[in-house]
Amino acid sequence: MSLLETSLERPTIYIDPKKCMGCRSCEIACAVEHSMSKTLFGAIFEKPTPKPRLKVVVADFFNVPLRCQHCEDAPCIKVCPTGAIKKSEEGFVILNANKCIGCLMCVMACPFGHPKYEPEYKVVLKCDSCIERVREGREPACVEACPTKALKFGTLEEILDEIRKERAEELISSLKVPGIVYMEPVIEEKKKEEKVSPVDVYTAYLEVKWY
Amino acid sequence: MAEYIKFKVPAKQVSETKGVADLIEKAEEEGVKTAWHRFLEQQPQCGFGLLGICCRNCNMGPCRIDPFGAGPTKGVCGADADTIVARNILRMIAAGAAAHSDHARDIVHVFKGAATGEFKGYKLTDIEKLKGLAQALGIYVEGKTESEIALEVAHILEWEFGKPDDEPLKLLMATAPKKRIKVWERLGVMPRAIDREICECMHRTHMGVDADPASLLLHGVRTSLADGWSGSMMATYLSDILFGTPKPIKTIANLGVLKEDYVNIIVHGHNPILSMKIAEVAQSEEMQKLAKKYGAKGVNVAGMCCTGNEVLMRLGIPPAGNFLMQELAIITGAVEAMVVDYQCLMPSLIDVAGCYHTKIITTEPKAHIPGAVHIEFKPERADEIAKEIVKIAIENFQNRPKDRVYIPKHKSEVVAGFSVEAILGALGGTLEPLINALKEGTIKGIVGVVGCNNPKVKHNHSHVTLTKELIKRDILVVGTGCWGIAAAMDGLLTPEAAKMAGDGLRAVCETLGIPPCLHMGSCVDCSRILIVLGALAEALGVDIPDLPVAGSAPEWMSEKAVSIGTYFVASGVFTHLGVVPPVLGSQKVTKLLTDDIEDLIGGKFYVEPDPVKAAETIYNAIIEKRKKLKWPV
């Protein structure tokens with residue numbers, strides 16, 4: 001594998017909290033991927049217990065699957081006294097468990113509260129962006145498991161392209177009136193169903209919630 | 001070591017009821033988790049489940065539908081969101097109807113044993129009601145002894161569960177208004193046998209059977225009717241015949257009913273058969289003496305949930321709280337034993353009791369909890385078993401951790417026990433005064449508020465706020481279940497609460513000396529509300545959907561509440577839900593339940609978590625109905 005040249009070609013994950021249903025499938029898939037057996041039914045009997053590297057956090061009415069951002073200038077690498085955290089050639093921030101002494105410096109340095117100390121392992125666990133899978137040309141486990149595509153994987157350029165396209169469509173959606181903008185009139189009016197999302201359910205409790 | 005309590009609960013904000021906050025704080029100090037703590041740990045709750053678009057009915061799955069449309073739109077078998085949501089809700093109705101009706105089955109069993117004389121501890125108390133029921137069922141009563149009549153009634157009612165023919169349910173035919181029966185016949189939803197309808201629910205929702213949401217929901221209507229007008233109805237009738245029809249009775253409610261120097265026993269669950277015995281035995285001379293021997297001043301029995309309601313209405317046993325307060329009662333450190341039967345028992349009771357001296361005693365063969373003391377209840381040995389249980393409680397008094405006892409002082413007065421007969425009694429024997437008040441507009445309408453507690457909303461806040469908002473608008477509130485205890489703890493069930501009512505309702509309440517909200521019993525007693533509605537409709541010569549009435553379940557959580565809500569709607573009542581049901585994943589099912597169904601059977605669901613807005617809408621719905629009847633608004 002050659003060293004990637006520009007950071008725009010760096011593989012990354014895009015999180016869309018609007019689409020997250022809070023089902024935590026990503027958490028399960030992550031734990032399974034980082035288990036020894038790599039199967040659900042095997043993983044649940046393993047010791048130490050396989051642990052997820054990411055966590056779905058509730059903020060207001062949104063669920064945010066928080067994972068390692070694999071920062072360009074990662075504070076965790078800077079503070080690690082044993083040099084256990086390194087950057088891979090893809091730009092992923094990887095922790096070498098053999099070198100980790102569990103000092104928790106990275107935990108304190110991370111602006112996203114990502115690395116997690118696991119007493120069962122006696123070391124810190126963090127997201128490796130499923131580097132082995134990515135090198136095989138597959139998506140990370142959490143992305144593959146997400147049923148609503150709230151997590152997207154690709155190079156920065158690909159993801160930005162997709163977002164630009166979505167935003168552009170949103171922008172012109174009000175103009176989509178037959179005979180005004182389009183050269184050819186739209187014959188079939190697109191049936192637009194009102195979608196309900198968990199956010200709607202959560203917001204319904206806005207005035208009576210205590211939590 | 002990870003913290004056992006991961007999230008602190010904002011104790012002052014979670015409940016409307018006094019004393020709850022103190023005990024949640026006490027729990028946190030002592031390292032005990034409550035339902036609120038576990039609710040926070042469960043966040044985020046899965047969106048697929050919240051929207052009802054997750055199907056686990058076969059092993060090709062589990063399947064789920066992406067509500068945003070980017071992922072799968074159909075399960076492996078091809079079922080879409082509409083089918084999956086409808087199937088899931090039908091299974092909820094089946095479970096709810098099963099719970100109510102199985103409760104009724106146990107009562108029929110004891111009723112029959114009491115009639116034959118096999119169960120010495122029980123006798124037929126309300127003979128007048130027995131005769132009335134027999135006549136309604138078409139039994140000739142002249143010249144027959146009580147036990148002969150009872151046996152014939154028992155025979156008919158036993159057959160309600162599993163009769164093989166296609167004839168409609170006998171108890172439904174005997175109690176439901178004729179106009180309603182015609183509507184149900186036209187729709188083809190007359191229930192044939194209780195068990196059969198529940199069984200058919202399970203069949204229809206099996207992989208590859210019914211996929212049409214409308215047909216699935218109509219069967220839900222049929223199943224819920226079997227519950228409301230037969231299963232629950234039977235439980236209410238027979239409990240009344242066995243233990244006496246409730247009459248207005250005065251007592252106190254809230255955690256303050258636990259007494260510091262007494263042996264405290266809490267009866268919790270739904271079935272009155274054992275709890276009535278425990279209440280009787282505990283008050284006996286023998287047990288009070290035994291308690292004194294162990295250093296207590298006596299034995300104090302308190303109720304919890306619907307068993308609490310049953311003993312409250314008939315014996316005036318004070319209720320200590322409703323569903324979400326079951327753990328808190330133990331956290332006071334002053335409860336020697338909690339005797340449970342079935343339904344709404346949190347398995348966490350064992351964890352909580354493990355931190356104190358409380359013994360959890362399960363009594364039903366169908367409801368075991370790991371870690372509990374199990375003393376199986378047999379109706380033929382009822383008195384013996386009740387004595388054994390009370391003794392265990394008394395002997396446990398010496399183990400009480402006296403330095404950790406804290407009982408909140410809050411308690412309020414209650415007048416409960418307004419059965420249909422009691423309401424008629426208060427009105428002077430006929431419905432006429434009530435009908436006149438409705439016609440003149442001194443009372444604008446009647447709303448039945450029922451249902452549970454749910455940590456998704458502020459505990460008892462919706463119950464109490466909705467009730468206050470309604471009585472302010474001259475709407476008489478009747479209700480059952482955990483609503484009854486919530487209202488009791490807020491002082492709404494006293495004649496003095498009439499001050500909070502609008503002028504019209506206030507005047508009526510003050511003349512009759514009744515509270516503006518009437519406690520009609522446990523959740524199985526929602527059938528009493530059906531009887532009132534039926535009687536009003538027949539007296540006015542209209543159908544139930546024409547009446548200025550509505551229903552509400554502001555804090556529901558159980559599957560039984562789904563069944564109750566559905567039979568309210570099926571009986572033609574505008575029904576409010578304060579907690580969003582898991583149906584929003586399907587536009588079609590949501591529209592069917594909240595809109596289309598009204599044209600078919602006259603009732604519909606309305607969802608609004610905010611109790612103030614809900615009260616406004618319910619009021620408007622009632623005013624609409626009054627306008628149609630040309631009554632003054």
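A, B, ... follow the sequence lines: proteins, then strands. Residue 1 opens every chain. From a predicted model like this one, the values you see are computed outputs, not experimental measurements.
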Exercise for review: Determine the option with the most heavy-atom pairs under 4.5 angstrom with chain B, choosing from A/T148, A/V58, A/V56.
Suggested key: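 Counting heavy-atom pairs under 4.5 Å, the top option is A/T148.
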Note, [X] side chain near [Y] side chain (heavy atom, < 4.5 Å):
X: A/Y205; Y: B/V580; answer: yes
X: A/D200; Y: B/L584; answer: no
X: A/E207; Y: B/K613; answer: yes

Evaluate whether atom [atom1] of [X] has more than 12 neighbouring non-hydrogen atoms of other residues, nucleotides or ligands under 6.0 angstrom away.
X: A/K38; atom1: NZ; result: yes
X: B/R56; atom1: CZ; result: no
X: B/N59; atom1: CG; result: no
X: B/K588; atom1: NZ; result: no
X: A/E132; atom1: CD; result: no
X: A/K51; atom1: NZ; result: yes
X: A/K152; atom1: NZ; result: yes

**Study point:** Which portion of B/L51 sits near chain A, non-hydrogen atoms under 4.5 angstrom
**Key:**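 Side chain only.
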**Study point:** Residue B/F39 versus chain A: region with a heavy atom under 4.5 Å
**Key:**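 Answer is side chain: those atoms of B/F39 sit under 4.5 Å from chain A.
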**Study point:** Partners meeting ring pair (Phe, Tyr, Trp, His ring centres under 6.0 Å) with A/H114 (sequence neighbours left out)
**Key:**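 For A/H114, no residue satisfies ring pair (Phe, Tyr, Trp, His ring centres under 6.0 Å) once neighbours in sequence are set aside.
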Practice item. Name all residues meeting the ring pair (Phe, Tyr, Trp, His ring centres under 6.0 Å) criterion together with A/H70; count only those two or more places apart in sequence or in a different chain, and write none if there are none. Key: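 Once residues adjacent in sequence are excluded, the partners of A/H70 under the ring pair (Phe, Tyr, Trp, His ring centres under 6.0 Å) criterion are A/F92.
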Exercise for review: For B/N454, enumerate each residue passing the side chain to side chain contact (heavy atoms under 4.5 Å, CB included) test, keeping only those at least two apart in sequence or located in another chain.
Suggested key: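 B/N454 satisfies side chain to side chain contact (heavy atoms under 4.5 Å, CB included) with B/K456, B/M557, B/V579 once adjacent residues are dropped.
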**Study point:** Interface residues of residues 16-24 of chain A facing chain B - non-hydrogen atoms under 4.5 Å apart
**Key:**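 The list, in residue order, reads A/K18, A/K19, A/M21, A/G22, A/C23, A/R24.
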Point to revise | Closest heavy-atom pair and its distance - A/A145, B/R64 | key: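 What the structure gives for the nearest pair is O-NH2, 4.2 Å.
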Exercise for review: Give the minimum heavy-atom separation between B/D610 and A/V208, together with the two atoms involved.
Suggested key: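 Heavy-atom minimum between the residues: CA-CG1, 3.9 Å.
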Practice item. Could you tell me whether a side-chain N or O of A/W210 sits under 3.5 Å from a main-chain N or O of B/P455, the two making a donor and an acceptor? Key: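 Yes.
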Review point. For the candidates B/P611, B/G49, B/P44, B/S15, which exhibits the highest count of non-hydrogen atom pairs separated by less than 4.5 Å from chain A?
Key: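 So the answer, after comparing B/P611, B/G49, B/P44, B/S15, is B/P44.
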